[in-house]
Amino acid sequence: MKDVLVTCPPMLGQIDLFYDYAAERGLKLHPAQVTQILSEDELCEQLPNYDGWIIGDDPATRRVFETAQKGRLSAAVKWGIGVDNVDFEACKDLGIPIINTPMMFGSEVADVAVGFVIGLARELFLIDRGVRAGNWPKPAGISLINRRVGVIGLGDIGRNVATRLQALGMTVVAYDPGVEGDAGIPGLERAAWPEAVEDLDFLVFTCALNKHNFHMLDADVLSKCKAGVRVVNVARGPLIDEAALVSALQSGHVHSAALDVFEVEPLPMDSPIRGMERCILGTHNGSNTVDAVIRATHTAIDRLAGFY
Ligand SMILES: NC(=O)c1ccc[n+]([C@@H]2O[C@H](COP(=O)([O-])OP(=O)(O)OC[C@H]3O[C@@H](n4cnc5c(N)ncnc54)[C@H](O)[C@@H]3O)[C@@H](O)[C@H]2O)c1
Ligand SMILES: O=C(O)[C@H](O)COP(=O)(O)O
């Protein structure tokens, strides 16, 4: 039986469902004590004692893999899609087999993105907070029909977002340098970045984070956005310069924002974003449904077992 450290929070939330499934495939799961991620030092201390690792959003760096391999670690799987936290090159150099679980959460994360778009359009966050505070606010929202929304990233999540928002009557304009044409979505408009932002009512980030797109929404691009733009991010925090977004929210140039992901997670207690009234804040939980976690975890376990 191979001992496997598990560090991804959504899988840990339902870990009891997976012990038997893993054991039938020769893996013994060991849940880590973790809120969002383990630090590099914690990983270097714990991982050498395990044969395998099911990775969350932890810093899976060269140092971590080198240290772990000096102990027992011989294979790993990134639970989920984003691999921006994982040094695949280091694994290749060290001969540690590793893979992720793509195409697992398109529907689930898209559902959250659409909920965020509706929440921002109708200012549901202000109504909820107002009623709880003893008030009865009635903000005038904006209609979604005929509004223009930019979907930044046309992978699994972005395509699911695009079709859902079209069904709500929105004009969807997509930017993704890695995808050509309409991606099989009739009526989808394509545009260049950042030129596209000038006439968009909403910006929805659904792309992978890589070394080319850190802070792709920065102060300069924000200044080119239509006044009153609403911003949604369900992909990765570092795509947006949070300090620039806070300034744009404070000035009113950005009407509001809904963020499932942040530059640092969990969001630090002193982050100015916590003080932004016109924001919906998430906990990097966009993929977390019972169904999706089972789907992704079975895939992760199958893939890890396949390495031994
Ligand atoms: N909030 C959550 O809980 C959650 C859950 C799953 C995934 N994610 C994030 O969402 C990302 C996308 O997931 P997916 O399943 O659609 O992945 P995917 O691999 O299917 O698609 C990613 C797309 O991003 C595109 N892209 C890369 N750089 C870009 C850029 N600069 N501008 C526009 N597009 C760019 C790629 O060409 C690709 O088409 C993941 O990489 C992950 O970081 C978040
Ligand atoms: O825990 C997570 O990181 C997400 O729920 C899913 O993983 P991903 O965002 O890295 O794909």
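Count residues from 1 along the sequence. One-based numbering, in listed order, for ligands and for the atoms of each.
Listed by number with element, the atoms of ligand 1 under 4.0 Å from a non-hydrogen atom of Gly178 are 37 (O). Here is the list of ligand 1 atoms found below 4.0 Å of a heavy atom in Val179: 39 (O). Every atom of ligand 1 is numbered from 1 in the order shown, and the set under 4.0 Å from a heavy atom of Asn210 is 27 (C), 28 (N). Near Asn213, with a cut-off below 4.0 Å to any heavy atom, the atoms of ligand 1 are 28 (N), 29 (C), 30 (C), 31 (N). Per-residue contacts place Cys207 under 4.0 angstrom from the following atoms of ligand 1 (heavy atoms of the residue considered): 11 (C), 24 (O), 26 (N), 29 (C), 33 (C), 34 (N), 35 (C). Ligand-side atoms of ligand 1 in range of Phe105: 6 (C), range being under 4.0 angstrom from any heavy atom. Distances below 4.0 Å separate heavy atoms of His284 from the following atoms of ligand 1: 1 (N), 2 (C), 3 (O). Atoms of ligand 1 lying under 4.0 Å from at least one heavy atom of Arg236, given by number and element, are 8 (N), 9 (C), 42 (C), 43 (O), 44 (C).
Between the Glu42 side chain and the Ser39 main chain, a donor and an acceptor come within less than 3.5 Å of each other. Remark: the backbone N or O of Ile145 is not paired with any side-chain donor or acceptor of Ser143 at under 3.5 angstrom.
Of all the heavy atoms of Thr206, the ones lying under 4.0 Å from any atom of ligand 1 belong exclusively to the backbone. At a heavy-atom cutoff of 4.0 Å, ligand 1 is contacted by both the backbone and the side chain of Tyr175.
When ring centroids are compared, Trp79 and Phe18 stay outside the 6.0 Å threshold.
Using a cut-off of 4.0 Å between Lys/Arg side-chain N and Asp/Glu carboxylate O, Arg190 and Asp182 are scored as not salt-bridged. A salt bridge does not link Arg159 with Asp176: every distance from a Lys NZ or Arg NE/NH1/NH2 to an Asp or Glu carboxylate oxygen is 4.0 Å or more. Between Asp291 and Arg295 there is no salt bridge, since no side-chain nitrogen of the basic residue lies less than 4.0 Å from a carboxylate oxygen of the acidic one. Ion pairing between Lys28 and Asp3 fails under the 4.0 Å rule for side-chain N and carboxylate O. Note on Asp111 versus Arg164: salt bridge recorded, some NZ/NE/NH1/NH2 to OD/OE distance being below 4.0 Å.
Residue nearest to atom 44 (C) of ligand 1, selected from Val234, Val109, Leu259, Ile81: Val234 (by heavy-atom distance). Considering each of Gly155, Pro10, Gly286, the one bringing a non-hydrogen atom nearest atom 18 (P) of ligand 1 is Gly155. Considering only non-hydrogen atoms, atom 39 (O) of ligand 1 lies nearest to Asp176 out of Leu239, Asn100, Leu209, Asp176.
Residue contact check for ligand 1: Gly106 places no non-hydrogen atom closer than 4.0 Å to it.
The aromatic rings of Tyr21 and His298 sit parallel to each other, their planes meeting at less than 30°, with 60° as the upper class boundary.
Residue Ile157 places at least one N or O, backbone or side chain, under 3.5 Å from an N or O of ligand 1. Residue Asp156 has at least one N or O atom closer than 3.5 Å to an N or O atom of ligand 1. Taking any N or O of Ala208, backbone or side chain, at least one lies under 3.5 Å from an N or O belonging to ligand 1.
Applying the 6.0 Å contact sphere to CZ of Arg122 captures no more than 12 heavy atoms from other residues, nucleotides or ligands.
In this structure, Cys225 SG and Arg230 CZ are separated by 13.5 Å, a value rounded to the nearest 0.5 Å.
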